[in-house]
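Okay, structure first, notes after.
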Amino acid sequence: MKVNEQSGVEQKQPLVSVIMPAYNAEEYISEAVQSVMAQTYTNWELLILDDCSTDGTADKARCFSDLDPRITLYSNPKNIGVALTRNKGMALAKGSWVALLDSDDIWHKDKLEKQLVAAENTGADIIYCSYSLMDKNGEHLSDFIVPERTSYDDMLRKNVIGCSTVFMRSPILIHHHFSTEHYHEDYVLWLELLKSGYIAAASTDVLVDYRIVDGSRSNDKLKSARNRWLIYREIEKLSLGKAVRVFAAYAFNGFIKHKRL
C-alpha cells in the first residue's frame, strides 16, 4: 500500500502478473525466480509454467512456490511449446499488468518499479527496456540500449523489444495471443499490437540480463534471417520493395548488435 500525498488516501498498488514458461531449465531457473523475489516493487504474482520438463526444473520451481505464496507452479500434462505455454499463463494471470520473463534470464531489482513509473509517465500500453547480453555462465558481453519510443515501421527495421523486458496492460491479451504458426512468435505479436494501435515506450535503463545459450533460437542467425523474411512477406504482406528495404536494415542492425558478442 502507498499513501497519496495530496489526499492522504491509501491506494493499492496494481498487481503485476509475471509469466515464466520453463522447459528443462534447472540450471538457470533459480536465478530467474530469485530476481523476481528481489524486486523493489512487491505486489506481484509469479506464474511458473513447466512445459513437461524432463530434468529437475519442476522440483526447483516447487521449492520456491512452497517458500513464497506469491509464486505458483503449473505443470503442463504434455509438452505444448513456449507460445501456448505463455498463452496459458496469460489466461491465468490476475494482474492489471503482465510481465514476461524467460527462465534463463535475470531481472534487475528495480525493473518492475521503473517500468511502472514509465507507464505512468507515458501512458503507453507496452513498456520495454534496455538489456545486457551475457553468456551461458552469466559473464557480461554487451549492452543493448533501446530508444524511448518505437512504432510498427521502426520495429520492421529493428526489433528493440526483448521478450523478458516486456511489461504490458493485461486487457491487451484478451484478443491478442502468441501464435504457434510462426517462428519468433514474440516479434510477430509485437508487430500485431503496434499495427493495432497500441503504444510502446521504454524505460531506457538496463533492467534485464539476457542470456545467450548455445543452440538457442536467438543464437541461430541464419534461421532467424530466413524466418524474418517470411514474416515480412507472408505475415505482414509487405511489397517486395519494402521487404527488401526493411530486411537490409534488419541485417545491418543485427550485424552491429552481434559483432560485439
Side-chain angles (χ1 to χ4, degrees), residues 19-25 28 32 49-54 76 78-91 98-105 126 128 131 133 136 144 146 150-166 168 172-173 175-196 198 200 208 210-240 242-259 261:
I19 310 300
M20 181 186 292
Y23 177 70
N24 287 355
Y28 304 120
L49 297 105
D50 177 58
D51 194 20
C52 214
S53 295
T54 58
N76 293 339
K78 63 179 182 178
N79 182 275
I80 61 175
V82 68
L84 287 179
T85 299
R86 285 198 189 109
N87 290 340
K88 178 180 175 180
M90 290 170 174
V98 165
L100 304 178
L101 176 58
D102 287 343
S103 55
D104 55 356
D105 296 336
I126 306 160
Y128 54 100
Y131 55 90
L133 299 171
K136 63 181 181 180
F144 182 69
V146 298
T150 192
S151 65
Y152 174 75
D153 284 337
D154 292 336
M155 282 284 286
L156 288 174
R157 293 167 171 80
K158 185 177 184 179
N159 181 8
V160 299
I161 303 180
C163 198
S164 288
T165 77
V166 168
M168 59 183 153
I172 291 174
L173 304 171
H175 301 296
H176 300 276
H177 309 94
F178 289 101
S179 171
T180 59
E181 299 177 7
H182 312 300
Y183 192 82
H184 291 324
E185 70 288 332
D186 52 344
Y187 178 61
V188 172
L189 179 58
W190 313 149
L191 291 177
E192 177 185 320
L193 294 177
L194 292 168
K195 191 160 58 173
S196 297
Y198 292 104
V208 176
Y210 181 84
R211 196 183 305 269
I212 304 296
V213 180
D214 294 340
S216 68
R217 293 191 303 171
S218 58
N219 207 34
D220 188 340
K221 310 292 191 304
L222 183 60
K223 190 172 183 179
S224 293
R226 183 168 58 248
N227 283 279
R228 178 64 69 98
W229 178 257
L230 292 176
I231 289 171
Y232 292 153
R233 294 289 282 157
E234 297 183 3
I235 301 172
E236 300 307 313
K237 308 294 185 184
L238 302 184
S239 67
L240 179 60
K242 184 169 184 179
V244 169
R245 290 193 298 273
V246 297
F247 185 83
Y250 152 75
F252 175 77
N253 289 322
F255 173 75
I256 296 299
K257 178 180 178 180
H258 290 287
K259 87 173 191 176
L261 298 182

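In this text the structure is predicted, and so the values were computed from the model without any measurement. Only heavy atoms go into these numbers, but all of them, side chains included; no hydrogens, no water, no symmetry mates.
The existence of a salt bridge linking Asp51 and Lys88 is excluded, since no basic side-chain nitrogen approaches an acidic carboxylate oxygen closer than 4.0 Å.
Of the possible donor and acceptor atoms, one in the side chain of Tyr232 sits under 3.5 Å from a partner among the backbone N and O of Leu156. Although no hydrogens or angles enter the test, the distance criterion places no donor-acceptor pair under 3.5 Å between the side chain of Asp102 and the main chain of Cys163. Under a 3.5 Å cut-off, the side chain of Ser179 and the backbone N or O of Glu181 do form a donor-acceptor pair. At distances below 3.5 Å, not a single donor-acceptor pair connects side-chain atoms of Asn76 with backbone N or O atoms of Leu49. In this structure, the side chain of Asn159 engages the main chain of Ile161 through a donor-acceptor pair within 3.5 Å. Here the side chain of Thr165 pairs a donor or acceptor atom with the backbone of Gly162 at under 3.5 angstrom. Panel note: side chain Asn79, backbone Cys52; no donor-acceptor pair is recorded below 3.5 Å. For Asp105 (side chain) and Arg211 (main-chain N/O), a donor-acceptor pair under 3.5 Å exists by modelled atom type.
Looking at heavy atoms from C-beta onward, Asp186 lies out of side-chain contact with Val166 at the 4.5 angstrom threshold. In this structure, Met168 and Tyr198 have side chains that are not in contact, with every pair of non-hydrogen atoms separated by 4.5 Å or more. Using a 4.5 Å cut-off on side-chain heavy atoms (C-beta onward), Val160 and Tyr128 make contact. Annotation: side chain of Thr150 is not in contact with side chain of Lys158 (no heavy-atom distance under 4.5 Å). Looking only at side-chain heavy atoms (C-beta outward), Ser103 and Tyr23 stay at 4.5 Å or farther from each other. Using a 4.5 Å cut-off on side-chain heavy atoms (C-beta onward), Thr85 and Phe178 make no contact. Contact check for Arg233 versus Leu240: side-chain heavy atoms found under the 4.5 Å cut-off.
Between the CG atom of Leu84 and the OG1 atom of Thr180 there is a distance of 5.5 Å, given to the nearest 0.5 Å. To the nearest 0.5 Å, atom NE2 of residue His184 and atom CG of residue Leu191 are 12.0 Å apart. In this structure, CD on Glu192 lies 12.5 Å from CD on Glu185, to the nearest 0.5 angstrom. Atom OH of residue Tyr183 and atom CD1 of residue Ile235 lie 13.0 Å apart, to the nearest 0.5 angstrom. In this structure, CG on Asn87 lies 12.5 Å from NE2 on His176, to the nearest 0.5 angstrom. Here Lys237 contributes atom NZ and Lys242 contributes atom NZ; the two are 15.0 Å apart, rounded to the nearest 0.5 Å.
Around NZ of Lys136, the count of heavy atoms belonging to other residues, nucleotides or ligands within 6.0 Å does not exceed 12.
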Run Leu100 and Met90 through side chain to side chain contact (heavy atoms under 4.5 Å, CB included) and show every step you take.
CA-CA 10 Å; Leu100 304 178; Met90 290 170 174; 3.8 Å; yes
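Between Pro21 and Ile19, the shortest heavy-atom distance links the atoms CD-O, 3.7 Å.
Between Tyr210 and Tyr131, the ring planes lie tilted relative to each other; the angle falls in the 30° to 60° range. Relative ring orientation between Tyr250 and Phe247 is described as tilted, the plane-to-plane angle lying within the 30° to 60° band.
The cationic group of Arg228 lies under 6.0 Å from the six-membered ring centre of Tyr187 and within 45° of the ring axis, placing it in a cation-pi geometry.
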